[in-house]
Every structure is written in C-alpha cells, then in structure tokens.
Amino acid sequence: VFLVIMVQKSVYKISSMRQETPDTVSFVLSGAAIEFLCGQFVMIHYPLELAGKHGASEKDLAEGKPVKRAYSIASSSVRGLKGEIELCVKAMPDGWISKLLQEVKLGQVLEVSGPFGRFTFDPLKDKDIVMLAAGSGIAPMHAMIEQICLGDHKDVKGHLIFSNKVESDIIYRKVFDKFACDNSNVKISNTLTRCADGSSWDGSEGRINFKMLSEICGDSLVSESKVFFICGPSVFVKSMRECLEELGVSKENVRFESYG
C-alpha cells in the first residue's frame, strides 16, 4: 500500500524566527494545511525583486521567473496539518539564497510548493530508527523526532547521533534535550570533531565511525527492524553508508539524502 500525497502550491507567511546558532536560523511559515511525510522537502519560490537585492545570478534573473530552491521540512506532519512548515537554514559561504533567508523579516510572504522526496520516515512502520546527521542535515531529523514526540508514538525508538565541529554549532540543542528528557524512547548523542583542549565538553569527540556507532548502539546495531537515516554533506553521507556496510547493516535498512 502506497501513501499518495498531493503536491500543492500555496502562499505562506513567515510567522516566527529563531537564531539557532551564530550562522543558522529556523523560521516558521504559516498558511494552508499541508500533508507530508517527515524527511520530505519543499520548494521556496523567491520573487525576482527579493532575489535581485541579495545576489541572484544574472542567469536566474534573466529567465524572468521566481528563483526556486529546495529545503528539507524541519517540522512534524502534526504541525503541517495545522498549517505550519518549519525550515532550518544555515548560511553557506557561496549561497546567496541561504543568506537571503537569514535576512528576511517577519511577515514576509513566500510561495511554497511541495512536498517532494522519497527520504521518508513513517512511524506506523519504522519502529526503531537511528538518525545520523551533520550540519544542517539535522532539519529532517528534527522533523522525525518531533513527529515521534508530538504524535505520541511511544512505540517508536528514535536515536539521533549528531556530528558538529564545535559546541556552538549544535542546532536545536535545547529542543532536542527537552524531547529526550520528556520522552524515554528518544535519545540524543552529540559528537564534536574540533573539541578545544581544556573545554568542558563531556560528550563524544571525533567523527562518527565504526567504533563510535558500535559503542553508542551496542549489540542492537544490526537488526532487521532498525532503520538508519543519514543526512548531511555528500562526503559525510558517503562515509556513513560505507561505515554501516562495514558493520553489516543491510542496504534496505539505510535511507539517505545528501547535499553539496
């Protein structure tokens, strides 16, 4: 049985914004109710007058059409049915769109189309999931954990392993801590790749690898029911897929999405 979700195109307004880290902003778009599966993405359509002020390429502007970019939905489908879509945007050195989104104001109106994508989590089927994320690849994982908690899926176990360079890079840290505190079926593990000497950090250090996954997940790492979700830069995703293959995890139990 396949769930058919219709793609829609609607106008949304930015109703709230929050600075998650020095270079990352999350914001909520409010508008029409939208049905989607956690892990999917939407396309944001930028009016030419807005795009032109923030460094859109001559090619983009010459086509005379709104500039479109894809962003993973960072909120649960529970909120989607209430007309909310949350996005999480990290400023990229060469990405004028991400910088534009960091400068938009409350009340800004944007056209949104979607949902799209096959990188999906279904809490009615996926009862034991491990999420491996790096950087802004956390967006769909936030949606999945929020779905488990707000959707009251106490029969679903969710374990997030989140890799960042330094402690100040950890997006949604307080939100995740609260989810884990309030829900015994949710676990959060952070690891830093550039932990400074003498810091007070007491979490894991180093890149996610064979040894770290074995230590964090224990004997239940390779299980027919455990599903792995991977999202982040292409180099990270490739490394995680190779690591899971080395550990003996079936390819059918690995779902991934990469960028960059």
Side-chain angles (χ1 to χ4, degrees), residues 20-21 23-24 38-39 72 74 88 90 119 121 126-149 156-181 183-260:
E20 299 290 345
T21 70
D23 64 355
T24 304
C38 295
S72 294
C88 179
K90 188 180 181 74
F119 177 68
F121 160 60
D126 306 320
K127 299 299 184 181
D128 186 0
I129 69 173
V130 175
M131 296 151 280
L132 307 177
S136 57
I138 197 61
M141 311 310 193
H142 178 270
M144 295 175 194
I145 291 178
E146 188 178 85
Q147 184 70 26
I148 292 173
C149 299
V156 178
K157 292 193 294 184
H159 190 167
L160 169 67
I161 305 175
F162 190 17
S163 176
N164 285 282
K165 293 178 181 178
V166 295
E167 193 170 357
S168 60
D169 286 340
I170 302 176
I171 304 168
Y172 290 127
R173 185 176 184 180
K174 291 182 179 179
V175 176
F176 284 138
D177 285 347
K178 186 169 186 350
F179 277 144
C181 181
N183 300 271
S184 60
N185 53 324
V186 170
K187 186 175 181 181
I188 310 297
S189 299
N190 289 299
T191 184
L192 302 182
T193 60
R194 296 183 186 176
C195 193
D197 293 336
S199 76
S200 59
W201 176 252
D202 60 357
S204 298
E205 295 181 31
R207 299 183 186 281
I208 302 172
N209 55 25
F210 184 104
K211 181 181 179 182
M212 185 180 293
L213 283 175
S214 298
E215 291 176 349
I216 291 176
C217 297
D219 296 335
S220 66
L221 181 64
V222 181
S223 166
E224 289 185 4
S225 63
K226 193 181 294 292
V227 179
F228 290 83
F229 290 87
I230 312 170
C231 189
S234 55
V235 173
F236 171 81
V237 172
K238 181 176 183 292
S239 173
M240 292 301 95
R241 291 178 65 196
E242 291 174 348
C243 186
L244 292 175
E245 184 177 358
E246 186 179 352
L247 285 164
V249 177
S250 169
K251 290 183 178 180
E252 285 70 34
N253 285 28
V254 179
R255 302 172 195 171
F256 60 92
E257 188 148 273
S258 62
Y259 57 84

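None of the values given here were measured: they were computed from a predicted structure.
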Closest non-hydrogen contact found for C149 with N183 is SG-ND2, 3.3 Å
Atom pairs and distances, side-chain donor-acceptor, residues 202-210, under 3.5 Å, sequence neighbours left out:
unit_1 : atom_1 : unit_2 : atom_2 : d
N209   : OD1    : K211   : N      : 3.3
N209   : OD1    : M212   : N      : 2.8

Heavy-atom nearest pair, S258 first then V237, reads CB-CG2, 3.6 Å
Item to complete: Could you check L160 against V186 for side chain to side chain contact (heavy atoms under 4.5 Å, CB included), going step by step and ending with a plain yes or no?
Response: CA-CA 8 Å; L160 169 67; V186 170; over 6 Å; no
inquiry  = Test side chain to side chain contact (heavy atoms under 4.5 Å, CB included) on M240 and I161; report intermediate values, then the result.
reply    = CA-CA 11 Å; M240 292 301 95; I161 305 175; over 6 Å; no
Rounded to the nearest 0.5 Å, the NZ atom of K90 sits from the CD1 atom of I171 at a distance of 5.0 Å
Handout entry: Ion pair check, R241 and E245, cut-off under 4.0 Å
Key = no
Output for pair (L244 CG, S250 OG), nearest 0.5 Å, gives 11.0 Å
Heavy-atom closest pair (C88 atom, T24 atom, distance to 0.1 Å) is SG-CG2, 3.6 Å
All heavy atoms of V166 vs all of R194, minimum pair found to be CG1-O, 3.7 Å
Scanning both residues in full, the closest heavy-atom pair of S163 with T193 reads OG-CG2, 3.8 Å
dist K174:NZ -> E20:CD (nearest 0.5 Å) comes out at 10.0 Å
Check: Under a 4.5 Å cut-off applied to non-hydrogen side-chain atoms, are F121 and V227 in contact?
Finding: no
Distance col, row C38:SG vs F229:CZ, nearest 0.5 angstrom, shows 9.5 Å
Donor-acceptor pairs under 3.5 Å, side chain of residues 132-146 to any protein atom, not counting sequence neighbours: which ones?
unit_1 : atom_1 : unit_2 : atom_2 : d
S136   : OG     : Y259   : OH     : 3.2
H142   : ND1    : A74    : O      : 2.5
E146   : OE1    : S76    : N      : 2.7
E146   : OE1    : S76    : OG     : 2.9
E146   : OE1    : R79    : NH1    : 3.3
E146   : OE2    : R79    : NH1    : 2.9

Within the 4.5 Å heavy-atom criterion, are I216 and V130 side-chain neighbours or not? no
**Study point:** Validation row: L213, E246 side chains within 4.5 angstrom (heavy atoms)
**Key:** no
Are V156 and Q147 close enough that some pair of their side-chain heavy atoms sits under 4.5 Å apart? no
Tell me whether N185 contacts the main-chain N or O of G158 through its side chain, where contact means a donor paired with an acceptor under 3.5 Å.
no
Item checked: Side-chain heavy-atom pair N164, T21 within 4.5 angstrom cut-off -> no
* Once the angle between the rings of F176 and F179 is folded into 0 to 90°, is it parallel (under 30°), tilted (30 to 60°) or perpendicular (over 60°)? -> tilted
When rounded to the nearest 0.5 Å, the distance separating CE of M131 from CD1 of I230 is 12.5 Å
Would you find more than 12 non-hydrogen atoms of other residues, nucleotides or ligands less than 6.0 Å from K226 atom NZ? yes
Value for OH (Y172) from CD1 (I188), rounded to nearest 0.5 Å, stands at 13.0 Å
